[in-house]
Amino acid sequence: MTVNLSTMENEKLEIKEMNPHDDGFMKEYTVTNREAFEVEDSENELRFVMGGEDSHVFSVMNKDRVIAAVTLWKITESRAATENIFCAADYRNKGITSALLKYVFGYLKEKGYDVASLTVFGDNQPATQLYFKLGYELEGNMLELHYETEYSNIGF
């Protein structure tokens, strides 16, 4: 299903479910993904994450350009992950990611899911604020230890 979005510049943006095995889409996806996260993901890694039977990727498209995207996959019969959410810098703060996520929530509800989960870095305040505004609730915290060359900070 395609949903039309219009920006203030009167561009025609569309929300579409995309095929992670489409080479043209994946090239555009990785460009916007890299710009948004400042991390290089390989196309093979992304295809693996997005390639399962219960995995989907929805994108906001401007012709062939990926403007925003969310990847989702089944965790349990009632819970789905909504991950790798991003929006191109020049399209942020225009309601595009909100519209995309609301569309995905409708899709998930239609498929019988009750819960949409995600992870977000704690210092990503704009994303965290958006997720709370859309109804996500904090369920827990994850702590990580990143080993350094010298372990003096942890007593080694």
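For clarity, every value in this text was computed on a predicted model and none was experimentally measured.
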Supply the atom-to-atom distance S78 OG to L108 CG, rounded to the nearest 0.5 angstrom. 11.5 Å
Please report the shortest heavy-atom distance between I75 and S117, naming the atom on each side. CD1-CB, 4.3 Å
Run the side-chain contact (heavy atoms from CB on, under 4.5 Å) test on T32 and F86 for me, step by step, so that the C-alpha distance in whole Å, both residues' side-chain angles and the decisive distance to 0.1 Å come before the verdict. CA-CA 8 Å; T32 307; F86 61 86; 3.5 Å; yes
Cation over ring, K94 on Y91, under 6.0 Å and within 45°? yes
Looking at side-chain heavy atoms only, is the closest gap between I85 and L101 below 4.5 Å? yes
Would you say T119 and E83 make side-chain contact, with heavy atoms under 4.5 Å? yes
To the closest 0.5 Å, what do you measure between CG (N62) and CG (L13)? 5.0 Å
Are F58 and V115 connected into the same hydrophobic cluster when the rule is that any two of I, L, V, M, F, W, Y join if their side-chain heavy atoms are below 4.5 Å apart? no
Does any non-hydrogen side-chain atom of V57 lie less than 4.5 Å from one of Y29? yes
Is a donor on one side and an acceptor on the other found under 3.5 Å between the side chain of S98 and the backbone of G95? no
L100 side, atom CG; S59 side, atom OG - distance, nearest 0.5 Å: 7.5 Å
Min side-chain heavy-atom separation M26-P20 under 4.5 Å: yes
Are R65 and D90 ion-paired here, with the side-chain N under 4.0 Å from a carboxylate O? yes
Please report the closest heavy-atom contact between F105 and A116, naming both atoms and the distance. CE2-CB, 4.3 Å
Counting heavy atoms not belonging to D54, are there more than 12 under 6.0 Å from its CG? yes
Any chance you could measure H56, atom NE2, to K74, atom NZ, to the nearest 0.5 Å? 10.0 Å
Flag the pair L72 / V104 as yes when at least one side-chain heavy-atom distance between them is below 4.5 Å, and no otherwise. yes
Heavy-atom side-chain proximity of M18 to M61 below 4.5 angstrom: yes
CG of D22 to NZ of K27: how many Å apart, nearest 0.5 Å? 10.5 Å
Can you confirm whether F37 sits close enough to F121 that some side-chain heavy atom of one is under 4.5 Å from a side-chain heavy atom of the other? no
Given side chains that start at C-beta, do those of V66 and V31 come closer than 4.5 Å, heavy atoms only? no
Would the number of heavy atoms belonging to other residues, nucleotides or ligands and lying under 6.0 Å from CD of E77 be above 12? no
If you look only at distance, which donor and acceptor atoms sit under 3.5 Å apart when one is on a side chain in residues 127-139 and the other is two or more places apart or in another chain?
{"from": "T128", "atom 1": "OG1", "to": "N124", "atom 2": "O", "distance (Å)": "2.9"}
{"from": "Y136", "atom 1": "OH", "to": "T82", "atom 2": "OG1", "distance (Å)": "2.7"}

Hey, could you give me the NZ/OH distance between K16 and Y103, rounded to the nearest 0.5 Å? 11.0 Å
Show the nearest heavy-atom pair for residues N33 and N84, with the distance to one decimal. ND2-ND2, 3.1 Å
